[in-house]
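Letters go in sequence order (proteins before strands), and every chain restarts at 1. All of these numbers come straight from a predicted model, not from anything done at the bench.
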Amino acid sequence: MLDLPDDAVAAAKVILGQLLVREINDYKLMGKIVETEAYDQKDAASHSYRGQTPRTDVMFGPPGRAYVYFTYGMHYCMNIVIGKPGYGSAVLIRAIEPLKGIEQMKKKRGTDNIHQLTNGPAKLCQALSINKEFNGHDLSKLPLNLQLGQKIPPSQIFKTTRIGISKDTHRLWRFYIKDNLFVSKP
DNA sequence: GGAACGATTGAT
DNA sequence: TCAATCGTTCCT
């Protein structure tokens, strides 16, 4: 497992460039994380803002687990839990660059356009078959594993406001790799 | 028990 | 620009 900072904003930058590996039966899918967002319990846009609830339980647990939630009645999104137990913060994975298992991802997504496979938080969950079963899963192990990739130099990291939120919209807590073609909204 | 809303996506 | 679609949370 990677050594991640306790602070979600710092972690969101470190997580860029790392690898997400999904093993399904006899094959593996892999992608490089190219876009993240930070969420913290002091931040009104975060699910953890209103305290620990059945849904957000995992966010307040040990770091390095997956926090997977269901939204809009049809989509899953995946986070990496950050910080010490008892503190509710996480990093949302918004986009990955497909590296292995691209044909299987195309099948799962129902498109042949490689740029449409994983350029959004719910899209990448569909491409990697990540669902509620992975909520609380320890990401140091397969079948869903966060592995060491490359460190992205600060000069290559862009930051903007987060996407799709209605509160605390001013925070520049969205990060992505400059010029990467698999980011959701460059 | 009821209602509003959502860390999205894809079609129009 | 807008509908799809349902679990979570909060209110009565």
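Between Arg50(A) and Gly73(A), the residue whose closest nucleotide on DNA chain C is further toward the 5' end is Gly73(A). Of the residues near DNA chain B, Gln116(A) and Val91(A), the one whose nearest nucleotide (by heavy atom distance) lies more toward the 5' end is Val91(A). Taking the nucleotide of DNA chain B with the nearest heavy atom to each of Ile165(A) and Gln126(A), the more 5' of the two is matched to Ile165(A).
Contact annotation for Arg109(A): backbone-only contact, meaning every heavy-atom pair under 4.0 Å involves sugar-phosphate atoms and none involves a base. Residue-level contact check: Met59(A) touches the bases, meaning some heavy atom is under 4.0 Å from a base atom. At the heavy-atom level, Leu92(A) lies under 4.0 Å from base atoms of the strands shown. Within 4.0 Å of Ala122(A), counting heavy atoms only, lie sugar-phosphate atoms of the nucleic acid but no base atom.
The phosphate of dA7(B) (OP1 or OP2) has no side-chain N or O of Ser46(A) nearer than 4.0 angstrom. Proximity of Lys123(A) to the phosphate of dG10(B): a side-chain N or O atom is located under 4.0 Å from OP1 or OP2. Residue Arg55(A) places no side-chain N or O under 4.0 Å from the OP1 or OP2 atom of dC5(B). Regarding contacts with the backbone of dT8(C), a side-chain N or O of Lys132(A) is found under 4.0 angstrom from either OP1 or OP2. Taking only side-chain nitrogens and oxygens, His75(A) never comes nearer than 4.0 Å to OP1 or OP2 of dT9(B). In this model, the phosphate group of dT8(B) is approached by a side-chain N or O of Arg94(A) to a distance below 4.0 Å at OP1 or OP2.
Remark: dG10(B) base-pairs with dC2(C); criterion is Watson-Crick or G-U wobble with both hydrogen-bond distances under 3.5 Å.
Within 3.5 Å, no donor on the side chain of Tyr72(A) pairs with an acceptor on the base of dA4(C), nor the reverse.
Protein atom CG of Leu124(A) is 16 Å distant from nucleotide atom P of dA7(B), rounded to whole Å. The interatomic distance linking Lys167(A) (NZ) with dT9(C) (P) rounds to 13 Å, in whole Å. For the pair Arg174(A) CZ and dA7(B) P, the computed distance is 16 Å after rounding to whole Å. In this structure, Tyr76(A) places its OH atom 9 Å from P of dG7(C), rounding to the nearest Å. Atom CG in Asn79(A) sits about 11 Å away from atom P in dT8(B), given to the nearest Å. Here dA3(C) presents its P atom at 13 Å from CE of Met74(A), a figure rounded to the nearest Å. The interatomic distance linking His115(A) (NE2) with dG10(B) (P) rounds to 16 Å, in whole Å. Distance, Lys185(A) NZ to dG10(B) P: 11 Å, rounded to whole Å.
Here the straight-line distance linking atom CD of Gln18(A) with atom CG of Leu20(A) works out to 11.0 Å at 0.5 Å rounding. Separation of atoms CZ (Arg94(A)) and CZ (Arg174(A)) is listed at 6.0 Å; rounding is to 0.5 Å. The distance from atom CG of Asp7(A) to atom CD1 of Ile82(A), rounded to the nearest 0.5 Å, is 9.0 Å. Distance check: Leu4(A) CG to Ile80(A) CD1 gives 6.5 Å after rounding to the nearest 0.5 Å. To the nearest 0.5 Å, atom OH of residue Tyr176(A) and atom CZ of residue Phe182(A) are 16.0 Å apart.
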- Given Asp43(A) and Arg162(A), is the salt bridge (charged side-chain N to carboxylate O under 4.0 Å, His left out) satisfied, shown in steps? CA-CA 12 Å; Asp43(A) 151 38; Arg162(A) 292 170 292 178; 2.7 Å; yes
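Using a 5.5 Å limit on the distance between ring centres and a 30° limit on the angle between planes, the aromatic ring of Phe70(A) does not count as stacked on the six-membered base ring of dG7(C).
When the nucleotides dG10(B), dT9(C), dT8(B) are ranked by their closest atom to the side chain of Pro121(A), dT8(B) comes out on top.
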